[in-house]
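Worksheet: one structure, shown below.
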Amino acid sequence: MLYREALNKALDETMAADENIVVLGEDVGLYGGSYRVTEGLYAKYGEKRLIDTPIAELSIVGNAVGMAIGGLRPVAEIMTANFALLAFDQIINHMSKYHYMSAGKITLPMVVRFPQGVSKQLAAQHSESYEQMLSAVPGLKVLAASDVNYAYHALKHAVMSDDPFVFIEHELLYNKKGEVDVHTPIDPFKARIVKEGSDVTIVSYLKMVDDVMAALPKIEEALGCSCEVIDLCSLNPVDYDTLKTSIEKTSRLVMVEEDHKTGGYGAQIVSWAAEEMFYTLDAAPLRIAGADVPIPYNRTLELLSIPTPDSIAEQIIEWGRRNDV
Amino acid sequence: MDKLLAETLYYEMVRGRAFEYAAKEHYMQGDISGFLHLDIGQEALSVGAMKAFTKGDVFSTYREHIMALARGISPKAVMAELFGKEAGVSEGKGGSMHLFDPSHFFYGGDAIVGGHLPNAVGCAYARKFRGEEHGVMAVFGDGATNGGAFFESLNIAAAQKLPMLFLCENNEYAIGTKITRVAPFEKQAKKAEPYMPTVEVDGMDVLAVYEAVSEAQHYIQKGHGPIFVEAMTCRYEGHSMSDPNSYRSTQEMALCKARDPIERMKKVLLEQYGMDDDTIESLETKAQNEIDEAVRFAAEAAEPAPEALTAHVFTEGGNHALS
């Protein structure tokens, strides 16, 4: 099953189970979704539940907040992370705060989904990542799906939950293939150990998990070591227990993210490690992240602006040699 | 209108004003802090609209104390909220600008100008979807009509034929900026004209507001889509307690106060409903007593426990936070 099909299956199954679930966004209905995530659902559930909206992101999320107040369970799709910026007032001032400001009297069972990240030459206004900002907002649960099975289970969980979720996808993952095990439920807040290892803990999420895996043979061969690769999955809350257990085993931490380095999400993980794991670590943590530049159009420059399997391998090998891995 | 309803409208306005003066006094004394936006002068609008729109959901702004009271939320719970106490309607977590009570279909209390309009539109969609035809009223100031959220909301409500009542309280000032300095016309209903029927009403006349909002509610329940009501009004105080109101002349304020909604309704009760001065005075005393009681309650109420800090970030059982 493809990643986008897993998301579609999660929406389809939850919509079949609860008629109060509605999906809204640009081209989500008749058109079937820009990334085909909602394909077929319009024919099945009709225009009242697959709501084609105008290009007005503030209203897409703002209306979803009101729908949740009015007794529905809205799933809002934003076409890409950069467009979500137009809805940040609603996400941050409304969606994340009504439950708290009303002392629990208002509950917002809702999800805002969007893809983010560098795809292929979409340039600066269609290539950004905003998990760092949204993970810093109390009142939002932020999930990032890198894996097909996780995407299916985690989206189902988010749609059925009574809390507001930001569900982050990646532009380049929609056609990723994987198995979905519908019979084994997962905890969407638990980090996923993608590969076990004993010498270095490499933490990542979204598409960078695949890039780390692609770089791994080269790294392990060059350093003669075994790496443990962890997919965070939930960016807020963070499953620090899984990280702690792994770092206690490996005593080394590498954080890999596609995001710009300054103020990037990985800073939270490394800061936590500095505070909590300082005496367990045998080396200063390594942070691999995107360059502090708007994403350029030119393919060569674009690839220089983000980590790639080659640059990940190169940096980890260099760091490993300096630190006696 | 029957006498009892007329009397209720008067009582609610008097009680609302007494509440606002008490809030002002206790702000000066330091019992209330933060931003405090008083509704004195605009009572006819707040009370007339809430009493007419009895069924359905209300989304309002930060100038909402009197609306909350007229909606049926107890003055004790509202005053305790202003005092930041646990017994407050939002348990001291919202304050003056964030009064929420879904049991009265009252959703604030939003302090982002125009930010609640998309929420009201979404709620109208949900109510229509679920076959609950009472409709939704969004109350906002003239200042909100210049923002993008306003135009998006007009467009979607009209395109989806939603049961939405847009009620614009036009007091002519966005904090200290007169509307005509930043918009091309005095009456903001003009902005809604391409999308829906519009109605103008004297916002200083509680009976007129009541009638206009009642009719507007009938209209939206018919399923034809939204309607826009603009009430011309006047606030007597500054935008909030931190605004000295220096941008309006003495003459302008005098003209404004000559339209006083409470005096006007008192005259109606005396002349058209044959009520005597004693009855009116007893209503005023009763209202004042109720507010005095609310202040005593708020002053004596408990502070929230420290544990309240992390409660309600998420729903029960879902209260994860970064450890």
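All figures in this text were calculated on a predicted structure; none of them were measured in a lab. Just so we're on the same page: letters track the sequence lines, and every chain starts at 1.
Annotation: residues 94-101 of chain B contacts chain A through Gly94(B), His98(B), Phe100(B), Asp101(B) [non-hydrogen atoms, separation under 4.5 Å]. Among the residues in residues 84-93 of chain A, those with a non-hydrogen atom closer than 4.5 angstrom to a non-hydrogen atom of chain B are Asp89(A), Gln90(A), Asn93(A). At a heavy-atom cut-off of under 4.5 Å, chain B is reached by Glu47(A), Lys48(A), Arg49(A), Ile51(A), Pro54(A) from residues 45-54 of chain A, listed in order of number.
Although no hydrogens or angles enter the test, the distance criterion places no donor-acceptor pair under 3.5 Å between the side chain of Lys93(B) and the main chain of Gly104(A). Asn119(B) places a side-chain N or O within 3.5 Å of a backbone atom of Gly62(A) that can act as its donor or acceptor partner. Tyr107(B) places no side-chain N or O within 3.5 Å of a backbone atom of Gly66(A) that could act as its donor or acceptor partner.
For Ala64(A), no part lies near chain B; criterion is any non-hydrogen pair under 4.5 Å. Heavy-atom distances place no part of Glu276(A) under 4.5 Å from chain B, backbone and side chain included. Ser102(A) touches chain B through backbone and side chain together, each having a heavy atom under 4.5 Å away.
The side chain to side chain contact (heavy atoms under 4.5 Å, CB included) with Glu152(B) is formed by just one residue from the set Leu58(A), Ile60(A), Ile55(A); it is Leu58(A).
Annotation: side chain of His312(B) is in contact with side chain of His99(A) (closest heavy-atom distance under 4.5 Å).
Partners of Asp31(B) by salt bridge (charged side-chain N to carboxylate O under 4.0 Å, His left out), not counting sequence neighbours: none found.
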